[in-house]
Amino acid sequence: MNMNLLMHTVAIAGLAAYGALIIPAAAQSAAVGEVHGPAYLDDSYGKKALDWVKREHGATLKTLQADPAFDGFRQEAAEVLTAPDRQEGLRMTPGFMTQYWQGRESPMGVWRRSPQAAWLAGTPEWQTLIDFDALGQKEGRRWIFGGASCRTNGRCLVQLSDNGKDAAEIREFDLTTTRFVENGFKLPVGKHRLWWYDDDTVLVAPVLDRSSLNASLFPKTLRVWKRGQPIAQTTPIFSISDHDASLSATLIGAAGSAKFVAVRGIDFERQEFRLMDLAGASTRLPLPELADSYGVHDGRLLLRPEADWTPLRGGQTFAAGSLVGIDLAALMERAEIAVPTLLYTPSGDDAVRGVVTVGDRLFVELLHDGYSRIEELASTGDTGLRPRLLPLPDDRFITVLGTANGKILVQEQSPLTPGTISLVDPDTGAQQQIYQRADAFDSRNLVTTRHHAVSADGTRISYTVMHKSDLTFDGSHPTLVYGYGGYDVAVTPRYEPIFGKLWLEKGGVYIHANLRGGGEHGPAWHRATMREGHPLAFDDMEAVLRDVQRRKISSPEHTGIIGRSNGGLLVAAVMQRQPDLMNAVVVGGPLIDMLNFHQLPPGGSWLAEYGDPDIAEDRAFLGAYSPMQTIAGSQTRYPVPLIITATDDDRVLPGHARRYADMLRQKGHASLYFEDDQGGHYWELAGGPAPGDWRRRSVARAAEFTYLWQQLRKK
């Protein structure tokens, strides 16, 4: 039900199923001066585009590889990326722990599992389920694990990502035989969405032909798919309009019902819910359009309203950011909201980020000024719940992996402390450590500090600084500032081995900025930067840079900024607004052309976040900050940016990055351009997924850090 997800995690359809990207005519025929750079650069696989990429990428790589530091960075990145004690990608399933694992000898990775008891004892017994290197070699493809949905009977729907793209081939897999099921459920590469209904029935939103997709090229029909039935013979039981954002299904069989809930994503935030059966009969559910779902507990659906919500029958108004329980049986049987209950209201600007159930006990995951807390909602003896803070460290980012033996399995980390995985007793807070990652970089002389800047409108912006403990604040230190500022994404102070090894250990200063637009402080923090408010995130980033330089942590000559995706938009805009504040900019997987992003799929689904360029009022505020349309002439000095993307990015298409690099040069500005030939959306920083083969990833990381040290080190 949660539509308020990252733009980085939405698994919905685009043009990848059709091969070379087709650019809509509207994007090619917009008014002169609004589309910059050759249109062919938007074509991910066209010969002219790939010739341009080969030339520009090759020149950049040759320049950076000439630096004596490059090869050392590549080797160090490879060691970090293949460290044998990494515990990333873990999932708890009934009786097992599963993991997608990429190692030195398995660059494309294996999907594996261990009996849960053995894993919890610290002696995992790994069994390989799918070897993606062997599978890819056999089939002549670069397959990467894209996720799996498994039933208790051992059957799974596995996504085989095509070279790291969101688009994936779907195959049914049998955990018992560890083989793909012959004549099982199977779909060719595309951004399909599927949900198990029962052992022999799947609900599917498929990519079939152009008529099965909406204007943003996402699946627009929901179908019932029976085992053995050709997908072409399925008929829609529910459809969304051409201009809706997405389609999904949830609460399948909830409360023992034979029904499920179909979710129409009106836009990237608003949703409409319908209670349905397999025959297609449906009833509108009176759930709030703006809300996140956090699962089910004690017969109640748990919601976090993103705006103040008063149910249709009136009565109590539930504040944005609170946790509300709704009787699930009444919802699934009668399509009614029967006396919703306020379960929890966070204090101050704390943010609810998730819930955990241990038996009949309910725990809430919170962010408090960027750090994690877990509170139990204990019964007061009547109908109320009283929060009780678990005695856990208050300077960590904590991820709940699941529950076992009446305890909570958590992963804890901080910027300078590698992750530990422990079972936590919810009554005493006592921890039984199961795994601890070895130090990926030398942190013995490193410290973390927390500071605050004041943005242009007076808003207080926090940021976390990591640096050498003996640092003398004289403005001479190479400093890298990371920001994102959108989509309710919380930038948390976590352990980042690559940045620790290639930056902090070598004397660099690294900073996480908690900008508005993120998820650090509840719905209002995010909603402040939606639509015409988006430049507030730019104001916040600039305020952090000024505060860092006021404190003489760094100076403009030695300050760099880095962002991916929406963060790529952020750093490009900040560079063009305030070029004198920095000397290096890494523009990763960027959204750049804000007057035409909706014409490049799947950009049409992001209108709620940014606005609609086809509406004159929206076009005015988008055009005022869009990096593509606001590049100054050569009389303005910009830092030389490194623009980095991936050919197979099918979420924020590489055309944005290509045309930006081209237009910068047309306007008289130098730039470096790096385009990876693997991986989908470029989101490796800050907890993002691994985009593929560690050998290629280590080259990309070496390119980034060679560039940063060249630009920012003391001369």
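Quantities reported herein were computed from a predicted structural model and do not represent experimental measurements.
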Can you name the closest pair of heavy atoms from Arg227 and Asp199 and give their distance?
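The pair with the smallest heavy-atom distance is NH2-O, 2.9 Å.
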Which atom names give the shortest non-hydrogen contact between His681 and Gly589, and what distance separates them?
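Closest approach of His681 to Gly589, heavy atoms only: CE1-O, 3.6 Å.
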Regarding Asn214 and Asp242, do their side chains bring together a donor and an acceptor under 3.5 Å, going by distance alone?
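No, Asp242 and Asn214 have no side-chain donor paired with an acceptor closer than 3.5 Å.
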Has [X] got a side-chain atom pairing as donor or acceptor with [Y]'s backbone, closer than 3.5 angstrom?
X: His526; Y: Gly519; answer: no
X: Ser605; Y: Pro602; answer: yes
X: Asp618; Y: Ile615; answer: no
X: Gln576; Y: Pro627; answer: yes
X: Lys220; Y: Ser246; answer: no
X: Arg274; Y: Phe238; answer: no

Tell me every residue that passes ring pair (Phe, Tyr, Trp, His ring centres under 6.0 Å) with Phe538, counting only those two or more places apart in sequence or in another chain.
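Residues passing ring pair (Phe, Tyr, Trp, His ring centres under 6.0 Å) with Phe538: His534, Tyr625.
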Test ring pair (Phe, Tyr, Trp, His ring centres under 6.0 Å) applied to Phe173 - qualifying residues, sequence neighbours left out:
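Here the qualifying residues are Trp111, Phe180.
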Pairwise side-chain contact, Glu704 with Phe674, heavy-atom cut-off 4.5 Å (strictly under):
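Contact flag for Glu704/Phe674 side chains = no.
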Are Tyr610 and Phe268 close enough that their ring centres sit under 6.0 Å apart?
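Centroid separation for Tyr610 and Phe268: 6.0 Å or greater.
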Tell me if the aromatic rings of Trp101 and Phe145 count as close, with their centers under 6.0 Å from one another.
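Ring centroids of Trp101 and Phe145 are no less than 6.0 Å from each other.
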Could you check whether Arg141 makes a cation-pi contact with Trp143, meaning its NZ or CZ is under 6.0 Å from the centre of the six-membered ring and within 45° of the ring axis?
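Here Arg141 passes the 6.0 Å and 45° test against Trp143.
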Dump the intermediate steps for side-chain contact (heavy atoms from CB on, under 4.5 Å) on Glu532 and Glu617, then the final yes or no.
CA-CA 10 Å; Glu532 65 271 20; Glu617 179 183 356; 6.0 Å; no
Those residues that, when tested against Ser671, pass side-chain hydrogen bond (donor to acceptor under 3.5 Å, both in side chains) (two or more places apart)
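Ser671 satisfies side-chain hydrogen bond (donor to acceptor under 3.5 Å, both in side chains) with Arg665 only.
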Output, in order, the C-alpha distance, side-chain angles, deciding distance and verdict of side-chain hydrogen bond (donor to acceptor under 3.5 Å, both in side chains) for Asp593 and Gln629.
CA-CA 7 Å; Asp593 187 347; Gln629 283 78 25; 3.0 Å; yes
Given the rule in the side-chain hydrogen bond (donor to acceptor under 3.5 Å, both in side chains) test, do Glu675 and Thr645 qualify, once you have shown the distances and angles that lead to the verdict?
CA-CA 5 Å; Glu675 184 167 315; Thr645 188; 5.7 Å; no
